[in-house]
Amino acid sequence: RGGEGTLTIGANAQVLAERGYYSVGRIPETGEDVVYNNGKLFRVSRSGETEIAYTVVTKDTGWLDVGKWYVVKGIVNRSDTLSVHEGQAANLVLLHGAALTIDCAWKSDPDGFDSWAGISVKSGCALNIFGVESGALTAIGSSLAAGIGGSYHLPFLWPVIDNCGTVTINGGTVTARGGANSAGIGGGDKGAGGTVTINGGRVEAVGNNAAAIGAGCRNDAAGTLEVGPRVFKLDDNHWQEGVFVTFDIPPGLKLVSAK
């Protein structure tokens with residue numbers, strides 16, 4: 001957990017504390033910490049630091065491009081989906097005091113002609129979320145679409161189902177609520193659950209007649225979930241250590257990751 005003046009950043013904590021930065025998470029693949037200071041974003045390792053170019057998210061930001069970094073500062077409210085392009089993961093950073101709310105519930109269409117996830121991360125797409133606990137993301141899907149993940153469309157009376165891609169949460173406070181028949185994080189109606197990894201932060205996922213994290217209604221492909229350095233499976237509504245398995249989380253379960 002990190003915030004202004006608070007660091008919990010693993011092996012690089014002493015190096016970063018001396019420089020006065022605060023961490024917004026770690027890149028699991030490289031072990032580098034992502035830190036923010038005086039308007040700049042850096043990747044930091046023991047061998048040095050590299051500044052990261054980023055785009056500030058506004059209410060008009062509609063797409064997150066592959067391999068790019070996006071930073072949320074202050075309060076941002078958007079009433080339309082935020083979509084991730086297909087390919088290398090996009091990176092979203094929630095700074096101290098930031099609050100990004102994407103509410104697509106008003107677009108709800110019971111027939112599914114225009115149903116979109118709060119953040120659309122369909123199969124073939126990937127999103128990494130970084131942040132401090134005081135940085136918040138709320139994503140609410142329209143009817144038949146996930147809070148974060150897949151959507152459901154019905155153009156010309158033939159359904160197009162966007163299964164969930166890959167969602168990795170490395171920090172921040174993330175709330176995701178699915179629309180009708182949809183997961184909080186995962187698939188929309190009839191959509192598969194994709195791959196969800198939670199390395200840090202605080203996560204609340206609420207499904208609507210579907211898994212909190214996993215598949216949408218009428219789809220048995222739950223996808224996979226990994227939390228932190230341990231892999232969990234659900235047994236009688238309690239988290240227990242176990243082998244890596246494919247499973248669904250029951251509707252409405254509130255998940256808080258290990259600190």
Side-chain angles (χ1 to χ4, degrees), residues 24-25 27-30 32 34 41 43 50-73 76-95 98 100-104 107 112 114-131 135 137-142 144-155 159-172 174 176 178-179 182-199 213 216 221 223-224:
V24 293
I27 302 173
E29 295 82 2
T30 64
E32 295 171 295
V34 180
L41 197 65
R43 303 165 67 122
T50 303
E51 186 174 350
I52 302 171
Y54 66 82
T55 299
V56 176
V57 175
T58 72
K59 64 180 180 62
D60 296 319
T61 303
W63 287 92
L64 303 180
D65 289 327
V66 297
K68 303 290 187 179
W69 289 78
Y70 296 83
V71 169
V72 183
K73 300 180 178 181
V76 180
N77 295 313
R78 179 172 169 80
S79 57
D80 204 349
T81 189
L82 179 60
S83 298
V84 177
H85 280 297
E86 187 172 351
Q88 183 182 358
N91 303 284
L92 182 66
V93 178
L94 308 168
L95 294 183
L100 172 61
T101 300
I102 304 168
D103 188 353
C104 292
K107 297 182 63 174
D114 188 22
S115 296
W116 287 95
I119 299 182
S120 174
V121 187
K122 63 183 182 180
S123 181
C125 302
L127 174 66
N128 298 327
I129 300 173
F130 298 85
L137 166 65
T138 301
I140 303 171
S142 62
L144 309 182
I148 301 174
S151 303
Y152 179 95
H153 316 290
L154 197 61
V160 175
I161 300 168
D162 294 337
N163 296 320
C164 181
T166 300
V167 179
T168 303
I169 300 172
N170 298 303
V174 178
S182 302
I185 304 175
D189 188 35
K190 299 182 181 178
T195 300
V196 179
T197 302
I198 302 173
N199 295 313
I213 298 178
T224 57

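Atoms considered below: every heavy atom in the structure, side chains included; atoms not considered: hydrogens, waters and symmetry mates. Predicted, not measured: the structure shown is a model, and the values here were computed from it.
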Can you name the closest pair of heavy atoms from [X] and [Y] and give their distance?
| X | Y | value |
| --- | --- | --- |
| S142 | C104 | CB-O, 3.1 Å |
| N170 | P28 | OD1-CG, 3.6 Å |
| A117 | G149 | CB-O, 3.7 Å |
| S115 | A145 | C-CB, 4.1 Å |
| V84 | A126 | CG1-O, 3.4 Å |
| S182 | D189 | OG-N, 3.4 Å |

Taking the side chain as every heavy atom from C-beta outward, state whether [X] and [Y] have any pair of such atoms under 4.5 Å apart.
| X | Y | answer |
| --- | --- | --- |
| I119 | L127 | yes |
| L82 | L64 | yes |
| T166 | V121 | no |
| T50 | I52 | no |
| V71 | V57 | no |
| N128 | V167 | no |

Original post:
Do T101 and V76 pass the side chain to side chain contact (heavy atoms under 4.5 Å, CB included) test, and can you show the C-alpha distance, the side-chain angles, and the key distance before you say yes or no?
Top reply: CA-CA 6 Å; T101 300; V76 180; over 6 Å; no
Original post:
Are F130 and W69 an aromatic pair by the rule of ring centers under 6.0 Å?
Top reply: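 Yes - the distance between ring centres of F130 and W69 falls below the 6.0 Å cut-off.
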**OP:** Ignoring hydrogens and angles, tell me if any N or O in the side chain of R43 forms a donor-acceptor pair with the backbone of E32 under 3.5 Å.
**Re:**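 It does not hold such a pair.
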Original post:
Would you say T58's side chain and D60's backbone share a donor-acceptor pair under 3.5 angstrom?
Top reply: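 Present.
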If you round to the nearest 0.5 Å, how far is [atom2] of [Y] from [atom1] of [X]?
| X | Y | atom1 | atom2 | answer |
| --- | --- | --- | --- | --- |
| C125 | Q88 | SG | CD | 12.5 Å |
| K122 | C164 | NZ | SG | 12.5 Å |
| T81 | W63 | OG1 | CH2 | 8.5 Å |

Original post:
After noting the C-alpha distance and the side-chain angles of L100 and N77, does the key distance pass the side chain to side chain contact (heavy atoms under 4.5 Å, CB included) rule?
Top reply: CA-CA 6 Å; L100 172 61; N77 295 313; over 6 Å; no
**OP:** I would like to know whether D103 and S79 meet side chain to side chain contact (heavy atoms under 4.5 Å, CB included); could you show each step before the answer?
**Re:** CA-CA 5 Å; D103 188 353; S79 57; 5.9 Å; no
Original post:
Passes side chain to side chain contact (heavy atoms under 4.5 Å, CB included), Y70 versus D65? Steps please.
Top reply: CA-CA 9 Å; Y70 296 83; D65 289 327; 3.4 Å; yes
Original post:
Above 12 or not: heavy atoms from other molecules or residues under 6.0 Å from NZ of K68?
Top reply: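 No, the 6.0 Å shell around NZ holds no more than 12 heavy atoms from other groups.
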Subject >> Among V93, V24, L94, T168, side-chain contact (heavy atoms from CB on, under 4.5 Å) partner for I129 >> reply: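 Between I129 and the candidates, side-chain contact (heavy atoms from CB on, under 4.5 Å) is satisfied uniquely by L94.
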